[in-house]
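Here the structure is a predicted model, which is why all the values come from computation and not from measurement. First listed ligand is number 1; within each ligand, the first listed atom is number 1.
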Amino acid sequence: NAGSKSGRGALIVLEGLDRSGKSSQCARLLSYLEGQGWRAEGWRFPDRGTSVGQMISAYLANESQLDDRTVHLLFSANRWEKRALMESKLLGGTTLIVDCYSYSGVAFSAAKGLDIEWCKAPDVGLIAPDLVIYLDVQPEKAAERGGYGGERYEKIEFQKRVADHYHSLSDSTWKIVDGSLSMETVEEQLRELATNCIQESQEKPLTNLAW
Ligand code: Z5A
Ligand code: MG
């Protein structure tokens with residue numbers, strides 16, 4: 001296994017529409033990296049385990065109603081409450097594989113009609129990812145994967161608007177992967193992207209999200 005393992009960990013984020021395969025691929029990537037001897041953890045947002053996360057969870061399950069801007073700020077607060085731990089893990093050499101981050105925050109709220117610059121503002125200063133892997137799947141195709149329709153955002157028209165906003169957020173840290181390919185093909189591509197990223201990030205300073 002090439003490269004030293006003494007630098008900082010990498011912040012690797014998976015993004016994509018509902019049912020694009022993020023959670024499946026995060027789990028596969030994590031066990032691969034651990035098997036290669038890298039120190040790594042799987043994280044997800046929303047983190048439903050905190051008190052803010054429980055408010056978000058009730059909202060997503062349609063058990064509570066919240067104003068659009070209020071819920072946007074809760075999603076952001078849910079990332080802020082994990083920022084210090086995230087920084088110490090990364091500086092301590094642990095790579096984090098994160099299922100959804102600020103890009104979901106902006107794309108979903110903007111798809112409701114909120115101003116995109118307003119949506120970006122509360123996440124300025126969170127830790128910037130070293131790599132964002134976007135699993136690109138057509139909403140119609142994702143919906144065929146089953147389990148669709150339970151939670152608040154699982155509607156095809158809405159998911160199409162979310163996809164447009166995701167694409168408008170992509171920058172040089174993004175790699176767009178065809179998420180409609182087989183689970184194994186996608187997995188293979190992610191292994192290579194993640195390994196390269198971890199090796200390249202080891203000696204780089206952490207930076208803050210600035211959009
Ligand atoms: N949200 C927000 O509004 N603001 C924010 O700041 C944040 C999030 C962070 C949380 O949902 C919702 O909150 C989310 C964004 C919004 N809403 N939506 N939509 P979540 O985290 O609970 O749900 P999710 O992760 O977005 O969706 P998901 O249903 O968990 O999908 P997934 O993780 O991308 O996919 P998966 O569970 O890995 O796979 C889904 C199914 O497809 C499963 O049966 C797999 O076996 C199958 N699958 C996966 N990959 C393939 C391939 N390659 N081929 C065939 N079948 C596949
Ligand atoms: Mg998921």
Are [X] and ligand 1 in contact, using a heavy-atom cut-off of under 4.0 Å?
X	result
Gly179	yes
Gln159	yes
Arg44	yes
Gln25	no
Gly16	no
Val162	no
Lys141	no

Report the part of [X] in contact with ligand 1, treating N, CA, C, O as backbone and CB onward as side chain, heavy atoms under 4.0 Å; options are side chain, backbone, both, neither.
X	answer
Glu154	neither
Leu135	neither
Leu17	backbone

I need the minimum non-hydrogen distance between [X] and [Y], along with the two atoms involved.
X	Y	result
Pro139	Lys160	CG-CG, 3.7 Å
Met55	Leu74	CE-CD1, 4.0 Å
Leu90	Leu11	CD2-N, 3.9 Å
Ser109	His72	OG-ND1, 2.6 Å

Notebook entry, point to check: Counting backbone and side chain alike, does Ser24 bring an N/O/S atom below 2.8 Å of the Mg ion (ligand 2)?
Noted result: no
What is the closest protein heavy atom to [atom], and at what distance does it sit?
atom	answer
atom 11 (O) of ligand 1	Arg48 NH2, 3.8 Å
atom 6 (O) of ligand 1	Arg79 NH1, 2.7 Å
atom 54 (N) of ligand 1	Arg145 NH2, 3.4 Å
atom 50 (N) of ligand 1	Met183 SD, 3.1 Å
atom 38 (O) of ligand 1	Ser24 OG, 2.4 Å
atom 29 (O) of ligand 1	Arg19 NH1, 2.0 Å
atom 3 (O) of ligand 1	Phe108 CB, 3.2 Å
atom 24 (P) of ligand 1	Asp18 OD1, 3.5 Å

Report yes if [X] has an N/O atom closer than 3.5 Å to an N/O atom of ligand 1; otherwise report no.
X	result
Leu181	yes
Ser23	yes
Ser20	yes
Ser180	no
Phe75	no
Lys22	yes

N-O pairing of [X] and [Y] below 4.0 Å:
X	Y	result
Arg152	Glu63	no
Arg28	Glu184	yes
Arg161	Glu157	no

Item checked: Ring geometry between Phe108 and Tyr153 (parallel below 30°, tilted from 30 to 60°, perpendicular above 60°) -> tilted
Checklist line | Plane angle bin for Tyr101 and Tyr103 - parallel if under 30°, tilted between 30 and 60°, otherwise perpendicular | finding: tilted
When you group the ILVMFWY residues by side-chain heavy-atom contacts below 4.5 Å and let the links chain together, are [Y] and [X] in the same group?
X	Y	result
Leu29	Met183	no
Val13	Val106	yes
Trp174	Leu209	yes
Phe158	Leu114	no
Leu85	Ile127	yes

Relative to the heavy atoms of [X], which atoms of ligand 1 are at a distance of less than 4.0 Å?
X	result
Gly105	4 (N), 5 (C), 6 (O)
Gly21	32 (P), 34 (O), 35 (O), 36 (P), 38 (O), 39 (O), 49 (C), 50 (N)
Ser182	53 (N)
Phe45	9 (C)

Margin query: Counting C-beta onward and ignoring hydrogens, is there a side-chain heavy-atom pair between Glu15 and Asp136 closer than 4.5 Å?
Written below: no
Notebook entry, point to check: With a 4.5 Å heavy-atom cut-off, do Gln36 and Thr195 have their side chains touching?
Noted result: no
Note to self: I want to confirm something. Looking only at heavy atoms, which of Pro139, Pro46, Cys26, Cys119 is nearest to atom 10 (C) of ligand 1?
What the structure shows: Pro46
Margin query: Which residue is it: Asp130, Ile133, Val98? I am looking for the one with a side chain to side chain contact (heavy atoms under 4.5 Å, CB included) to Ile12.
Written below: Ile133
Notebook entry, point to check: Is the shortest distance from atom 43 (C) of ligand 1 to a protein heavy atom below 4.0 Å?
Noted result: no
Notebook entry, point to check: Among pairs that include at least one residue of residues 45-61, which meet salt bridge (Lys or Arg N to Asp or Glu O under 4.0 Å), considering only residues two or more places apart or in two chains?
Noted result: Asp47-Lys82, Arg48-Glu151
